[in-house]
Engineer: 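Below is a structure I'd like to ask you about.
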Number of protein chains: 2
Amino acid sequence: MQATIKDIAKATGFSVATVSRVLSNKKGFFSEKTAAKVNQVAKELGYKKNMSATELVTKKSNVIAALINSTKTNFSDSIIKGIQDKADELGKTVIILYAGDRDARAQKKALTTALERSVAGILLLSVDLSPENLTLLKSARTPFYFISITFQDTALPCITSNDHGIGYLATSYLIRQGHRRIGLAGLDFSDSYTGKLRLAGYQAALAENQLSAHSEWVQAGDYSYEAGIAALDAYAQNSELPITAVIAGSDMVGIGILNRASALKIPVPQKLSIVTIDGTDLCRIVQPPLTSVTQDFYKMGYVGLERLLENAAGITYTQSELTERKSVLAVKK
Amino acid sequence: MQATIKDIAKATGFSVATVSRVLSNKKGFFSEKTAAKVNQVAKELGYKKNMSATELVTKKSNVIAALINSTKTNFSDSIIKGIQDKADELGKTVIILYAGDRDARAQKKALTTALERSVAGILLLSVDLSPENLTLLKSARTPFYFISITFQDTALPCITSNDHGIGYLATSYLIRQGHRRIGLAGLDFSDSYTGKLRLAGYQAALAENQLSAHSEWVQAGDYSYEAGIAALDAYAQNSELPITAVIAGSDMVGIGILNRASALKIPVPQKLSIVTIDGTDLCRIVQPPLTSVTQDFYKMGYVGLERLLENAAGITYTQSELTERKSVLAVKK
DNA sequence: CTGAAAGCGCTTACAG
DNA sequence: CTGAAAGCGCTTACAG
């Protein structure tokens, strides 16, 4: 049997009230001497607080649930690191819950788990809730905050990169390097608002330079490695590539493009420059290392938790920056 | 205010006891009619069970805590997927807790969190507990089980790959391909028992073929990308490589070796064959894709949870297999 | 099939 | 600084 506060009370001769006070460190409500004795006995008995009881009576919790989806995009590591660091500063504890991959059942289960334990708040990392689950979440009184996902519904509180800015940044960078025929590959333009925004940023940058995208330059996809392969195959249909540079919707797309190009003997960056979006560690372990628009995932997590706890509304943007590596060639104009 | 069982009792005219029975589905203790009414009202009120109260009174929990460490090795995804799938089958819910990276404080915090919530069991994925934390874990009455980590102390219950077998398998495969001078790189032979076992397997395979390792063939490391770079630099000190093939301690080590070789114009596999240990998705996104000894991480998670719940003792091994890709060249003997 | 009552391990006004 | 007591939301023998 786990020792309880009662056991300690009995052993020390104090009341459970006093024991409770020292154990939860209610300063000013006990003497040093009392504390020493109680803590000592608690240690001897291997006492461990029963959080269920505490949460039941205080009706609050210091745990934050972070729901993650199980897709292979591995930038969530950085986000979680950011959340964890902030949580440590604040004395919160975070539990991570898998919410499946666009699986409404799994989402609901994770959500219910969080809600039933009356956590202090829910962070949703790139999880695109089904309509019912969104309703469920909203109807609960638990604060929530989305991270790394952009909604059309601007009423949802979230922190994310400025996706329009990302598209614009990548494109204008390539233009400055002298490129004129620039592709955009591997993004989802129908289900994903993110994709639409990045496309708009891309088009804006082109327009600003009196350029406009040929339809064959833009290859939709699902942000996966395979989407990168498919995109390159589409570009390589004719002996001459229609583009001199391409923006990949994710690191995995970029790597897919890179590898397929290598298989087809298209040298990167000599014949094709690549800028990828995300900028995770993956960029540096391929050859050539991929130049990227790098998102600040760590910060998303760190300030995401902050925002959640201050009950912030609306969208907060996190800064993205261009990281030059070796996959872009400057061409003379 | 969250609706409670009491509110439902009031609204339906039943007692809290009856409401509790239908809500926790104690078959045979209520009529269909009662159930219908209670469930209906529960739904209207947006009732959500307070798990703290339930756990407090039943003194049991159906949650499993999975402690993970924050190193970059990303095979934990597969392990967690395995755990999650098994948990779903069993109706358990799993919460994931970060236990830092060989950080005793973070470990303790994660452990305490799990223990204070009196979870049904604790799974530790590749987390190498400090001695005090191990004592803490053992002294609690909570069942625990290690995954993907090998101890010298065989009394600790765990599921993992047979590390001796892995070293042996990789080495004997390369020998069968005609290699005679085979390196081993990026493993830790001092802190990590895993490293020692793999080394022993490597030596056993060599010995079986009347070969023995030159000391310069074996380059220690910490399983990281940088360790791979360093290992290749060590091998490449002289104009001629001392080896024709190398076994990398992890996928990241393998990629480090590969990239450094490419930078130094050492063609893989023509001048250097590589077999890597782990076999995660990373192996297929580099060029050439890396032949690997592939560990069955998914299964580790899946049966790990099973074992935990049946309170199994001792070590369970999971099967590893050789996956041929493009990084090994067969040489004529 | 249903209800009254006790109790899980804690916290916290209230009174001293 | 300390204690007695009520109560958090549930479950479950016990009695009908």
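Nothing here was measured: the structure is a model prediction, and the numbers come from that model. Naming: A, B, ... by sequence-line order, numbering from 1 per chain.
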Engineer: In the structure I gave you, are the side-chain heavy atoms of B:Thr18 and B:Thr34 within less than 4.5 Å of one another anywhere?
Structural biologist: yes

Engineer: Could you state the atom-to-atom distance from NZ of A:Lys26 to P of D:dG3 in whole Å?
Structural biologist: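 After rounding, the reported distance stands at 17 Å.
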
Engineer: Which label fits B:Phe146 and B:Phe144: parallel for a plane angle under 30°, tilted from 30 to 60°, or perpendicular past 60°?
Structural biologist: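 Perpendicular.
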
Engineer: Looking at side-chain heavy atoms only, is the closest gap between B:Leu197 and B:Thr194 below 4.5 Å?
Structural biologist: no

Engineer: With nearest nucleotide decided by heavy atoms, which residue, A:Ile5 or B:Thr18, maps closer to the 5′ end of DNA chain C?
Structural biologist: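 This one resolves to B:Thr18.
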
Engineer: I'd like to check A:Lys109 versus B:Thr93 (side-chain heavy atoms, cut-off strictly below 4.5 Å). Are they in contact?
Structural biologist: yes

Engineer: Side chain of B:Ser20 only, please: which of C:dT2, D:dT12, C:dG9 is the nearest?
Structural biologist: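 Per side-chain heavy atoms of B:Ser20, the pick is D:dT12.
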
Engineer: Check this for me, if you would: do B:Lys86 and B:Glu306 make a salt bridge, where the nitrogen-to-carboxylate-oxygen distance has to be below 4.0 angstrom?
Structural biologist: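 Result for this pair is yes, salt bridge flagged.
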
Engineer: C:dC8, C:dG3, C:dT12: which one has an atom nearest the side-chain heavy atoms of B:Leu56?
Structural biologist: C:dC8

Engineer: With B:Tyr302, which of B:Gln84, B:Arg307, B:Lys81, B:Glu89 fulfils side chain to side chain donor-acceptor pair (under 3.5 Å)?
Structural biologist: B:Glu89

Engineer: Rounded off to whole Å, could you give me the NZ-to-P distance for the B:Lys37 and C:dC1 pair?
Structural biologist: 16 Å

Engineer: Is it true that the side chains of A:Tyr47 and A:Thr4 contain a donor and an acceptor less than 3.5 Å apart?
Structural biologist: no

Engineer: For nucleotides 13-16 of chain C, list the nitrogen or oxygen atoms of the protein found under 3.5 Å from its nitrogen or oxygen atoms, one pair per line.
Structural biologist:
{"from": "C:dA13", "atom 1": "N6", "to": "A:Arg21", "atom 2": "NH2", "distance (Å)": "2.6"}

Engineer: Report yes if a side-chain nitrogen or oxygen of B:Lys59 is closer than 4.0 Å to either non-bridging phosphate oxygen (OP1 or OP2) of D:dT11; otherwise report no.
Structural biologist: no

Engineer: When you compare the side chains of B:Asp85 and B:Tyr298, does any donor N or O come within less than 3.5 Å of an acceptor on the partner?
Structural biologist: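 Side-chain D/A pair, B:Asp85 to B:Tyr298: present.
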
Engineer: In whole Å, I'd like the distance from the NZ atom of A:Lys6 to the P atom of D:dG3.
Structural biologist: 16 Å

Engineer: Counting heavy atoms from C-beta on, name the nucleotide in C:dG7, C:dT11, C:dT2 closest to the side chain of B:Thr34.
Structural biologist: C:dT2

Engineer: Calculate the interatomic distance between B:Asp7 atom CG and D:dC8 atom C1'; express it in whole Å.
Structural biologist: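 Rounding to the nearest Å, CG of B:Asp7 and C1' of D:dC8 are 13 Å apart.
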
Engineer: Would you kindly give the CD1-to-P distance between B:Ile8 and D:dC10, to the nearest whole Å?
Structural biologist: 8 Å

Engineer: Find out whether A:Gln107 and A:Ser130 are in side-chain contact, i.e. whether some heavy atom of one side chain is under 4.5 Å from a heavy atom of the other.
Structural biologist: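 Yes, side chains in contact.
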
Engineer: Between residues 39-54 of chain A and DNA chain D, which residues have a heavy-atom gap below 4.0 Å?
Structural biologist: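 Correct list: empty, so none.
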
